[in-house]
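Here the structure comes first, spelled out in structure tokens, and everything after it is commentary.
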2 protein chains.
Amino acid sequence: MATTIKDIAKKTGLGLATISKYLNGGNVLEENKIAIEEAIKILDFRVNEFARGLKTSKSKTIGVVIPELSNIFCTSIITVIEDILRQNGYGILVCDCRTDEKLEYEATEFLVNKMVDGIISMPVSKNGEHLKLPLSKGIPVVLIDRKVEGLNVDAVLVDNVAAAENAVEYLIDHGHREIGIICGPRDVFTSHQRQLGYSQAFIKKGLFPKQELIEYGDYTVESGYECLKKLLVKNEMLSALFVTNYEMTLGAIIAINELSIKIPEQISLIGFDNMHLSQVVQPKLTIISQPIHQIAENVAHIMLKRLVQDKYDEAQVINLSTQLILGESVLSKNI
Amino acid sequence: MATTIKDIAKKTGLGLATISKYLNGGNVLEENKIAIEEAIKILDFRVNEFARGLKTSKSKTIGVVIPELSNIFCTSIITVIEDILRQNGYGILVCDCRTDEKLEYEATEFLVNKMVDGIISMPVSKNGEHLKLPLSKGIPVVLIDRKVEGLNVDAVLVDNVAAAENAVEYLIDHGHREIGIICGPRDVFTSHQRQLGYSQAFIKKGLFPKQELIEYGDYTVESGYECLKKLLVKNEMLSALFVTNYEMTLGAIIAINELSIKIPEQISLIGFDNMHLSQVVQPKLTIISQPIHQIAENVAHIMLKRLVQDKYDEAQVINLSTQLILGESVLSKNI
DNA sequence: TCTCTTAAGCGAAACGTTTCGCTCTATAGG
DNA sequence: CCTATAGAGCGAAACGTTTCGCTTAAGAGA
């Protein structure tokens, strides 16, 4: 059987309460402190987190629910979050829900049953149904990237409207008019925002966004591929394209290469996320880059704050802005 | 306070032991079963995992230690592992150690302290020092991708020697002689294996691998970039290149594009991992593809097996083979 | 009818912490 | 010298399960 606090008490001749006090940072005489530390080292004592959790109802574990672990945007953020939380003694329990609302619900329930102290969610469901359980139990929730209407919850967002608007405005300024967009799913918050920015850019310039220039994918490589082909069938004059996430950008490029269409001579392209890809493809891509590090830091710190807070004040919503990084994938078009 | 087993007992008029028996799949009269289920639903009862863990010493959680969460090979595997384990009631506690031995050790200790039931590790350290703690506590360990000498532990590996040998042989068969290789770190198992395969291919063909054709990176994009440049300085006649992981392949391509070198006219290239990239770049890449799904499935199933096994028989080592996927990045060279 | 077997249910003890409320000692203030 | 105060230490109870060993009831076999 493993060493317990009782063994340490016996070894040092001190009481249980004193050992416990030491473990939790209380005041203990210097000589006793030394004795305890020695006993702990010799007996290789480790706190039994089950017993501690049973008393304190804290697991020092945060649940993370994301749409896809194989999505580079998700994992980039998780890396940083994990780093910060671990430095603060927290572990992260990761669940990917394959962009499925039912699985998302199940994953969240799974995490609540696993007694996580908090939940970080990049929500798939529109109404955030899955968050009601943790919220009803007083488990703090922090949202990444997508806001859920009607739920008073902390969130760290990116100004997707402005991001898309900038990209499309840039294309319009370069003389493009027939600008296609490959959006994410219709009912996803970020996707909707990016489409809104697209439309606003047109309107701002006194133009009208045409319905046949808009295609909806599901944030996968395959859908980017399919959407590009559909766009080309419907729009012979397509001169530029804006793709609204990394994976679909990949898909679109695969299709473009396959059709032997030249970027930017035949089609101008603005992609999304991930700086590496933008440099690998020839020519270098012009992309919208999201502040991944900042997003993650904000999420982690808000969570840490909530974990030590007893009363819940107003939810905190942080809005970060994106950057348009210029490559060589957009050509000026003579009008 | 949350509902406990006692509340269920009170509500149904049954004893504690009976409720517990029901919860753990024991035999209970049909009518009592129904009563219990109803009470559970009405009172929204959830097992307190702390209390259960305290009694059973099982957390139903598996720790995963990987070098980098932002490494696509790692996350692709984790996605599948997580899926399988969750279906079996297990959660995964993920730690990335930034390819740092010290952090790897700390992460493992952290996981042991968090009472994980098993540890899945893609080891960074050569001697597997970090695994001694879990092993000494009887916590099962399954290794991914890298074997640790002198440790009797389950492992799921890929035949990296054959993988590299195939790739290089293919290049030699296409008339190449000045074939550069960008390896991983010298002291990493897989890296060493891949270099071995490289050398063996030369020897098999009656040729000799020249030292100046070998460069060592550290599996990052940046190192791939640097290594390529170094190789070119040292080898004016370089006609082909084999890069031994995904990130370094990316780096090498960035450098090649930057130098306006044409693939495959000026240099032939065989990359590693990730099928998407291979189709995105122009021309399509010829790559070594690892059986990611199979690796993950094997790891998960071995772990599940160990979790229910009381006595430890001989460690199981599974060797999977890779595939050479042909693209258009290798040109036949007239000799 | 009696005995044996099996199924089902039961209470109490135990798991290893934290924490409440208490005691003891030493020191300072008057 | 006495008392008040603070610092340090202490034991016991409690957290919510699982499990051991027991009892009871029901049914089968003779």
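Numbers restart at 1 for each chain; the letters A, B, ... are given by sequence-line order, proteins then strands.
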N/O donor-acceptor pair, side chain B:K21 with base C:dA8, under 3.5 angstrom: no
Sugar-phosphate only, base, or nothing, as touched by A:T4 at under 4.0 Å among non-hydrogen atoms: sugar-phosphate
Touch class at under 4.0 angstrom, heavy-atom based, for B:L54 against every strand present: base
Proximal nucleotide (of D:dC20, C:dT18, C:dT19) relative to the B:A17 side chain: D:dC20
Nearest listed nucleotide, side chain of B:T18, among C:dC20, D:dT17, C:dC10: C:dC10
Measure [atom1]/[X] against [atom2]/[N] and give the value in whole Å, please.
X	N	atom1	atom2	value
A:K6	D:dG11	NZ	P	12 Å
B:M115	C:dT17	CE	P	8 Å
B:F45	D:dG16	CZ	P	10 Å
B:L14	D:dT24	CG	C1'	15 Å
B:L16	C:dA12	CG	P	10 Å
B:N24	D:dC20	CG	C1'	15 Å
B:I5	C:dG11	CD1	C1'	13 Å
B:N113	C:dG16	CG	P	16 Å

Whether over 12 other heavy atoms sit under 6.0 Å from A:K102 NZ: no
Without hydrogens or angle criteria, can the side chains of [X] and [Y] be said to hold a donor-acceptor pair below 3.5 Å?
X	Y	result
A:H130	A:S121	yes
A:S59	A:Y90	no
A:T12	A:Y22	no
B:E68	B:T99	yes

Closest-nucleotide 5' rank along DNA chain C - winner of B:L29 and A:L23: B:L29
Any B:N48 side-chain nitrogen or oxygen under 4.0 Å from OP1 or OP2 of D:dT17: no
